[in-house]
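Heads up, the thing below is written out as structure tokens.
Because the structure is a prediction, the values reported are computed rather than measured. One-based numbering along the sequence shown.
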Amino acid sequence: MFCKDLEHHKHIDYCRNIDAEHLCKKEGKFHITHPVNPEPKKPKDYITHASYWAAAGFEDPYTQRDQEKFKLCDAECSGEEHRASGGARSFCCLPMFHAPMDRIEVSKGYVSADGHHFTCNDIEMPVASYHIIFVIDRSGSMGGYDMIPQGTPVTNQISNGHKNRLGAAYEAVYRFLVARKSQLQGKSADDRISVILFKSTASVAIENKAIDEIDLIQNLLRFSF
């Protein structure tokens, strides 16, 4: 039905108050201060889904679960992850027509500059960039077979010549980089990677490179114990 397709939403009704802005707010409505069709000269209010059906004199046909959702604010997060194919929409979790929330630290999500509380990641928060340094042992003991690469898209590539502890360590680097990319959720960060390998002496295998997990693994496979 129409309301369900809209998800969080409000309706429009003609304003019936003389002292419109003050009384509408008191009644749980929100007075509209700009002309709205039809009959743009007539004052109008935004009203909640529940108020719309109560005024209509009909029983609300939607489920209790939908009705609870319709009570909430219709402000929507504009993060890129929500607009991507298959991305879930994210709405403010406060009641419709709520007062702006202070930008305090919340246990989940973030509070926008205009006072809406979203439970998704903060699109306004800058992403910190890191220089991530891996230090990996490649001494003779890393030739043991008690730990081997397994369970990733690069397992076969690593195992062809490094089916041992060292290969498992290389695969752990791959897993970390994939997890870091997933954490960013499409946001841009200028992370840099360095890898130091050591046995009797240390050597820099990769220095200050941008994250590219496939290229990094290919470079590491040049080094054995």
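A tilted orientation is assigned to the rings of His116 and Phe118, their planes being inclined by 30° to 60°. Taking the six-membered ring where the residue is Trp, Phe176 and Phe134 present perpendicular rings, their angle passing 60° and hence far from 30°.
With hydrogens and angles ignored, the 3.5 Å screen pairs no side-chain donor or acceptor of His98 with any backbone N or O of Met96. Counting only distance, with no hydrogens or angles, the side chain of Lys44 and the backbone of Pro38 share a donor-acceptor pair below 3.5 Å. For the pair Tyr170 (side chain) and Ile158 (backbone), a donor-acceptor distance under 3.5 Å is absent. Between the side chain of Glu171 and the backbone N or O of Gln150 there is at least one donor-acceptor pair closer than 3.5 Å. Put simply, the side chain of His117 gets close to the backbone of Lys108: a donor and an acceptor are under 3.5 Å apart. A distance-only check finds no donor-acceptor pair linking the side chain of Asp45 to the backbone of Ile47 [under 3.5 Å].
Note on residues 158-167: pairs passing side-chain hydrogen bond (donor to acceptor under 3.5 Å, both in side chains), not counting sequence neighbours, are Asp146-Arg165. Counting only residues at least two apart or in different chains, salt bridge (charged side-chain N to carboxylate O under 4.0 Å, His left out) contacts with residues 191-212 comprise Arg180-Asp191, Asp190-Arg192.
Take Thr119 and apply the side-chain hydrogen bond (donor to acceptor under 3.5 Å, both in side chains) test, not counting sequence neighbours, and it matches no residue. Shown here are the side-chain hydrogen bond (donor to acceptor under 3.5 Å, both in side chains) partners of Glu76, two or more places apart in sequence or in another chain: Arg89. The side-chain hydrogen bond (donor to acceptor under 3.5 Å, both in side chains) search around Gln64 returns Glu68, not counting sequence neighbours. With sequence neighbours excluded, no residue forms a side-chain hydrogen bond (donor to acceptor under 3.5 Å, both in side chains) with Lys41.
Within 6.0 Å of CG in Asn208 there are more than 12 heavy atoms belonging to other residues, nucleotides or ligands.
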